[in-house]
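Scroll down for the structure; my scribbles are underneath it.
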Amino acid sequence: MDPTTADLQAFCNRDAVSVARALIGWDLKVDGAGGVIVETEAYTADDPASHSFSGMRKSNASMWLAPGTSYVYRIYGLHFCLNVVCAHAGAVLIRALEPRHGVECMQDRRGNSRLDAIASGPGKLCQALGIDLRLDGCSLSEPPFALSPQSHEGQRVISEVVSSPRIGISRNMDAPWRFSLAGSRYLSRKASFSAAPGV
DNA sequence: GAGGCGATTGGCT
DNA sequence: GCCAATCGCCTCG
């Protein structure tokens, strides 16, 4: 069962670090294509690496919308990244998915890339799911988005969520706010260490 | 108004 | 491992 908008808003209305850890194992779809979230990163408003750190701009205004809203931005002029808005202008970057739904469609968009490379990185993930700036500032609990905890499916052992430093940033580089599903083949990179404070 | 750079990716050495 | 692609926005003058 998919959470209502109110449910999702309540779930996301916490600090981004908690939400980033909790989203591992959730199912994300855009127009029916998607899969299980296996890698996230947290960005809080008092974090120098966060886009919200230096205040609201036209391009990051979605970070101040309701928790559970999408924040999509363009990076390096050519790729897009998808975030989930959390409390207090925090956000969770969705970095990698394990493909489950609409795999052929995602492969088409990605140029028939290998299964474990369809969405193994924030830019690849957006390309595979057809996400661009038109989907900035939308509710993640309403079409075309669908975001829900993976119900049953039997075996999804919440085996191990591990944390490590975030990737690609130049400020606050030590904060271990990248979360990933231990041992997944679908990550953008292997976790560099397995310590997961608070997990 | 010019210059620099980024929460990335893919191709080449 | 190194580097180009590509562009909106920030910083400085």
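All chains are named by letter (A, B, ...) in the order of the sequence lines, taking the proteins before the strands, and each is independently numbered beginning at 1.
- Side-chain contacts under 4.5 Å among hydrophobic residues (ILVMFWY), followed directly or transitively, place A/Leu65 with no other residue at all.
- The side chain to side chain donor-acceptor pair (under 3.5 Å) test with A/Ser141 singles out one residue from A/Asp2, A/Thr5, A/Thr4, and that residue is A/Thr5.
- Qualifying side chain to side chain contact (heavy atoms under 4.5 Å, CB included) partners for A/Asp108, counting only residues two or more places apart in sequence or in other chains: A/Asn112.
- The separation of B/dG10 from C/dG8, taken at their C1' atoms, amounts to 22 Å, rounded to a whole angstrom.
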With 3.5 Å as the limit, what N/O pairs link the protein to nucleotides 11-13 of chain C?
none

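- Residues satisfying the side chain to side chain donor-acceptor pair (under 3.5 Å) test with A/Gln107, not counting sequence neighbours, are none.
- Take A/Arg14 and apply the side chain to side chain contact (heavy atoms under 4.5 Å, CB included) test, not counting sequence neighbours, and it matches A/Phe11, A/Ser18, A/Val19, A/Ala22.
- Among pairs with a residue in residues 34-56 of chain A, those fulfilling side-chain hydrogen bond (donor to acceptor under 3.5 Å, both in side chains) read A/Glu39-A/Arg95, A/Glu39-A/Arg178, A/Glu39-A/Ser188, A/Glu41-A/Tyr43, A/Thr44-A/Asp46, A/Asp47-A/Arg166, A/Asp47-A/Asn172, A/Ser50-A/Ser52, A/His51-A/Tyr71, at least two apart in sequence or across chains.
- Every side chain to side chain contact (heavy atoms under 4.5 Å, CB included) that A/Met56 has, sequence neighbours left out, goes to A/Asn60, A/Ala61, A/Trp64.
- With sequence neighbours left out, A/Arg171 forms a salt bridge (charged side-chain N to carboxylate O under 4.0 Å, His left out) with no residue at all.
- Pairing analysis of DNA chain B (Watson-Crick: purine N1 to pyrimidine N3 plus N6-O4 or O6-N4; G-U wobble: N1-O2 and O6-N3; both under 3.5 Å) yields stems of 3 or more pairs at B:1-6 with C:7-12, B:8-12 with C:1-5.
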Starting at the 5' end of nucleotides 6-13 of chain B, put B wherever the base has a protein heavy atom under 4.0 Å, S where only the sugar-phosphate does, and a dash everywhere else.
BBBSS---
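- For A/Asp7, there are no salt bridge (charged side-chain N to carboxylate O under 4.0 Å, His left out) partners at least two apart in sequence or on another chain.
- The side chain to side chain contact (heavy atoms under 4.5 Å, CB included) check on A/Pro67 picks up A/Gln9, A/Cys12, A/Asn13, with sequence neighbours excluded.
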